[in-house]
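Every value quoted in this text rests on a predicted model; they were computed, and no experiment measured them. Below, read A as the first sequence line, B as the second, and so on, with proteins coming before strands; counting in each chain starts at 1.
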There are 2 protein chains.
Amino acid sequence: MPVAGFPACFVFFGQSGAAKIPLAMLVVFVSAKLMAELAERLGQPGIVGEILAGVLIGPSVLGWLAPNEFLSALADLGAMFLLFRVGMEVKSSELMKVGGVATLVAFSGVVVPFLMGAAILLLWSAPVNEAVFVGASMVATSVGITAQVLSAKGLLHTISSRIILAAAVIDDVLGLLVLAVVSSLTHGKVDFLQLGLTALAAVSFTVIVAKWGTHAMGRVTPHVDRSLKVAEARFVLAMSLLFALALLAVWTGVAAIVGAFLAGLALGENAGQRERDLAQGVSELLVPFFLAGIGLHVDLSAFANPGTAVLAIVILAAAILSKFIGCGCGALGLGKTEALRVGVGMIPRGEVGMVVAQIGLGFGILSRSSYGVVVFMSVATTVIAPALLNMAYRQLPKTRVPEPAEEVFHLG
Amino acid sequence: MPVAGFPACFVFFGQSGAAKIPLAMLVVFVSAKLMAELAERLGQPGIVGEILAGVLIGPSVLGWLAPNEFLSALADLGAMFLLFRVGMEVKSSELMKVGGVATLVAFSGVVVPFLMGAAILLLWSAPVNEAVFVGASMVATSVGITAQVLSAKGLLHTISSRIILAAAVIDDVLGLLVLAVVSSLTHGKVDFLQLGLTALAAVSFTVIVAKWGTHAMGRVTPHVDRSLKVAEARFVLAMSLLFALALLAVWTGVAAIVGAFLAGLALGENAGQRERDLAQGVSELLVPFFLAGIGLHVDLSAFANPGTAVLAIVILAAAILSKFIGCGCGALGLGKTEALRVGVGMIPRGEVGMVVAQIGLGFGILSRSSYGVVVFMSVATTVIAPALLNMAYRQLPKTRVPEPAEEVFHLG
């Protein structure tokens, strides 16, 4: 970072290198928090401000920063800590109870967006492969955004929140399979045995950890207190579990954040206030990098072509409607209010849609303009969802973690 | 990360990329903490285990990881959070009180190691430039290691601890000047005007923030509570100040960690328990990356040559003795016990010596074997210091932050 007027000998100390880290931290963190403050003052969720801060400082507007390896790594860690913290706030038994409805929600929330997205691209006379890939990019929900809004409002224990969380985990596994099928299709034929193995690995990992993780940690935690001499031993255990399950999740095919969520879930009932506070600190620092990181990927220059801009609006509308209808219908058995909440909560696509789009771009299947459209859809659904969630949950009092949770379930 | 037996289609999801972050986090964090546990059980400070973990997983032994951009960034952040947290635990007024002694300690602690190091290399018939650079690399103390040991033992408020902290900050400014002079000398002639400006910028930044930072923050903090709507506003302020001062420090020529220390100092008396806990969480996660990161740089292959190995031992002995004598003599006015503690506390060179050695290597002034010697000296002083500190402070009870601090000063 050359600074006009500073002695030239400063270059000797490699300070452009030394300045890089604090400069990036300062720019991203402070702009995210300033925009969060602005959003809150305008009556919007702070999270929206943090995403827009990324758009603002990113290549499209101010051009201060572009996505780079260091910032992406912090964003990945931020997403993991966000989901870890959310996992700590819910009980796996509560999620298991809503497993049936959540599976239904996840399935119809995958089928409807995929068909709608692919159909629109075909009507737009795009090649079949491209249509199928855009459809696939509209499948997976980015649960981080919804979880953050619900957590900030203290609503993680409502029945609709639990369904959203469980459905988003199942949705991630389904998204993995859709992407595997789509990738195979566009490369020739589908190997069903391999697909079956992929599904088996992902499902077994998720179910085993969700079902027995809490019990296992309940047995390990007391030993940690008694036997370990290292400082903050419970926090050390929590971090080790978080990274281990995130890694296992990636290896079995699901997202690292699903592993982080499962780690939080396994620790939740066994964790004390101290580990929660320490993990919260990391989360408060890193989540803005996840949120601003989403915004950093927006490239508005793709919309210089009016045709692309129209397609972007149409795909955005389809992305919102298809999840709302698909997931909402899956949850209709719980009554209209809860179904509406579930439908809204599943809308944000965030980083997941962008990953699929990047793979499509890498394969040469997505054009640059379709890529821009998917990224716009991913960011826009993420920016719109918190405000819609605010409306959908307006009837509920703004409290932090009501206990016992059961009392809240029948308010809506 | 290819895993034998896993379906080949996994590669489609770019998972080798997705696995990289959790894998690196897991390997470094868990090995650091396992080695810390082992060290504690052997009656050694955990910090030694964490540094040795870096040596163990690094290129010299297991070869699991080599220093890379992501890990160095986390290490830099870890060092900043470590010094930030230490800064929060001390009062700037307490540091100012010992300013005179600390300046004396810092000066003699710079002159003696520089002369000793350069003399040894000249006797070893190294070129003058190389001798001067090795001398310069032995100048700056890495205060992080000592601060971590003293903080873990609850001894940051003793008079020797305050002198060590203040002297280490002054030492950093002196180290900057020594490096500037040495770099200029080896490139031709010294520009005294520029050196003067460098010194002025570094000294004014440090003195202004240390003197008026606490007062300024005392005025800002209450406004933050009242006016900001963003969540955890005080933590947001703390992080913003941390990164801003780290950046300013780099720009004015001192190390980012000095800025981080000053940020902690400015906030210390105004910070509540909540911000402390949140910052502590980040610190608990990232400090192992700083410590293991030091160890990662060790390259034992440099010592295949017996001559180099002997030189390494001689330089190590000189590094220990010269700081012990130089700094200890500077603090003799406080009595032998305190002088001994100060001398021991200033021994670790850690990452600072390595940075100087890297610059020398980049200039083509240091040979690869001298570079290896300096890195060995930096790591070895850092590994030895905690055990020496344990001995030097044995007379004091192991308590956490004794209040009022004054009672402790005359125990030794």
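Note: Leu228(A) CG to Lys33(B) NZ = 11.0 Å, rounded to the nearest 0.5 Å. Between Arg41(B) atom CZ and Ser227(A) atom OG the span is 7.0 Å, to the nearest 0.5 Å. From Leu242(A), atom CG reaches atom CE of Met25(B) across 8.0 Å, with rounding to the nearest 0.5 Å.
The closest side-chain heavy-atom distance from Arg274(B) to Asp277(A) is below 4.5 Å. At a threshold of 4.5 Å between non-hydrogen side-chain atoms, the residues Leu26(A) and Met239(B) do not count as touching.
Considering only heavy-atom pairs separated by less than 4.5 Å from chain A, the leading option among Ala24(B), Ala73(B), Gly49(B), Ala36(B) is Ala73(B). For the options Val27(A), Leu74(A), Leu77(A), heavy-atom pairs under 4.5 Å to chain B are most numerous at Leu77(A). The greatest number of non-hydrogen atom pairs below 4.5 Å with chain B, out of Gln280(A), Gln358(A), Glu275(A), is found for Gln280(A). Counting heavy-atom pairs closer than 4.5 Å to chain A, the top-ranked of the candidates Ile21(B), Leu285(B), Asp76(B), Val30(B) is Leu285(B).
For Glu232(B), the part lying under 4.5 angstrom from a heavy atom of chain A is the side chain only. Using a 4.5 Å cut-off between heavy atoms, Ala279(B) does not touch chain A at all. Interface residue Glu69(B): only side-chain heavy atoms are found under 4.5 Å from chain A.
When all heavy atoms are compared, the tightest approach of Val236(B) to Phe29(A) is O-CE2, 3.7 Å.
Without hydrogens or angle criteria, Glu37(A) side chain to Val230(B) main chain gives a donor-acceptor distance under 3.5 Å.
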